[in-house]
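Each remark here refers to the structure printed beneath this line.
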Amino acid sequence: MPELPEVEVTRLSFANRIAGARIEAVRLGKPLRWPLGVLPAALQGAVVQQVRRRGKYLLLDLDRGLLLIHLGMSGSLAYAGALPPPGPHDHFELATSRGLLRLHDPRRFGAVVWAASEADPVARKLLGHLGVEPLGDGFDPLAFWQALRARRSAIKQVLLAGDIVVGVGNIYASEALFAAGIQPTLSASSLSQARAERLHGAIRSVLARALEQGGSTLRDFSSAEGKTGHFQLEAMVYDRAGQPCRACGATIQTLRQGQRSTYFCPDCQTF
DNA sequence: AGGGTGACCTGTCGGC
DNA sequence: TGCCGACAGGTCACCC
């Protein structure tokens, strides 16, 4: 479910409410990804100071260390004063002085990892290679083009790799490439400066619009306060194979890149 | 180092 | 109805 917009929507939906909460108990379900050490008993009694986001990771800053939460493919958080009894896919829960924070993740590709700090090797392994934040000041058009020039893979796969720019997943990669008029199979290194700058703008505008719409809810995504997203209703290409392009009427096509589906318009994406 | 592949998991859907 | 393969919002370890 979660690309940058969904993760950010999730963050915004509980960050203010959980700030200052003291962790009173931890409940674990089945193991998630990267069981990097057992969550330390020190978690108990720790106070959540703020919630940040880096790429698709949520970072809960505690008064001792930080908790990295990744939603994987199927994860979502819920945060409320009370929640229904945990189900078979609820694999992590914090009981705090201000309510319950629960991770629901059927496929268990998500992760909850504690690190002493961001300099901790555990945190660096997960965050250290990440590219720039697409909605931040560090996402520069010229630097983006120069980074792309060094990569011979297909532009779609370079976007997904996340080491140049973070947060763009399978939905928004297809959408941004459509908005920029670029064929997903084009080698990243062959983008002109003008096209790279257009893609830079497209990534920003697509992610910002998705954020405004509360993210995309394809199956079961919802924010920590239970709200679903609506961006999927205005997707131009994602999950629209065989349907007419909303811009030109041509039939939306699909192909596989790195075992992921890519959607594109053969008439609008010609560069 | 960049690039390609398989692996991790569970649920759902379409076809036979 | 039942079974079986393909596919689903991500990312890492592992090869060359």
Side-chain angles (χ1 to χ4, degrees), chain A residues 1-11 29-36 53-58 68-77 87-92 103-113 121-131 134 146-176 185-190 206-207 210-211 213-223 228-235 237-242 254-263:
Chain A
M1 67 175 10
E3 303 182 33
L4 185 149
E6 291 75 31
V7 177
E8 182 66 5
V9 163
T10 298
R11 187 185 76 82
K30 287 177 161 183
L32 294 158
R33 197 165 179 192
W34 313 317
L36 298 178
R53 180 189 54 74
R54 177 73 178 101
K56 298 172 190 167
Y57 288 89
L58 288 168
L68 291 81
I69 299 179
H70 198 291
L71 301 179
M73 288 279 263
S74 58
S76 60
L77 288 178
H89 301 308
D90 296 326
H91 301 303
F92 177 79
L103 173 63
H104 175 83
D105 186 4
R107 292 180 73 180
R108 289 191 284 126
F109 290 167
V112 180
V113 174
V122 169
R124 296 191 54 167
K125 183 174 126 186
L126 300 179
L127 306 177
H129 59 95
L130 297 181
Q146 289 171 336
L148 293 180
R149 283 206 298 176
R151 303 288 286 270
R152 270 173 289 177
S153 301
I155 181 62
K156 159 86 174 338
Q157 298 193 253
V158 171
L159 292 179
L160 287 186
D163 50 352
I164 293 178
V165 59
V166 294
V168 181
N170 209 38
I171 297 175
Y172 302 114
S174 283
E175 293 296 314
T185 51
L186 183 69
S187 167
S189 61
S190 62
V206 165
L207 293 179
L211 194 47
Q213 292 302 300
S216 295
T217 297
L218 299 187
R219 305 184 149 65
D220 55 2
F221 169 73
S222 62
S223 73
T228 58
H230 303 287
F231 183 83
Q232 74 281 1
L233 300 175
E234 59 188 69
V237 290
Y238 185 81
D239 207 20
R240 299 197 63 244
T254 184
L255 57 84
R256 301 286 292 176
Q257 292 179 284
Q259 309 175 41
R260 316 293 305 276
S261 291
T262 299
Y263 300 86

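A, B, ... follow the sequence lines: proteins, then strands. Residue 1 opens every chain.
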Side-chain ion pair, A:D105 and A:R33, N-O less than 4.0 Å: no
Touch class at under 4.0 angstrom, heavy-atom based, for A:R260 against every strand present: base
Aromatic stack A:F109/C:dT11: centroid gap under 5.5 Å, interplanar angle under 30°: no
Any A:H129 side-chain nitrogen or oxygen under 4.0 Å from OP1 or OP2 of C:dT11: no
Span that lies between the C1' atom of B:dG11 and that of C:dC12, in whole angstrom: 23 Å
B:dG3 to C:dG9 separation - P atoms, rounded to the nearest Å: 22 Å
Touch class at under 4.0 angstrom, heavy-atom based, for A:Q157 against every strand present: nothing
Along DNA chain C (nearest heavy atom to each residue), the more 5'-positioned of A:L127 and A:Y263: A:Y263
Between B:dT12 and C:dT11 - P atom distance, rounded Å: 23 Å
Side-chain donor/acceptor contact of A:R108 with base of B:dC9 under 3.5 Å: no
Sugar-phosphate only, base, or nothing, as touched by A:F231 at under 4.0 Å among non-hydrogen atoms: nothing
Base B:dT12 paired with A:R219 side chain (donor-acceptor, <3.5 Å): no
Watson-Crick and G-U pairing of DNA chain B, under 3.5 Å, as dot-bracket with | and [ ]: .|||||||.|||||||
Residue A:Q259, side-chain heavy atoms: nucleotide from C:dG9, B:dG4, B:dT5 that is nearest: B:dT5
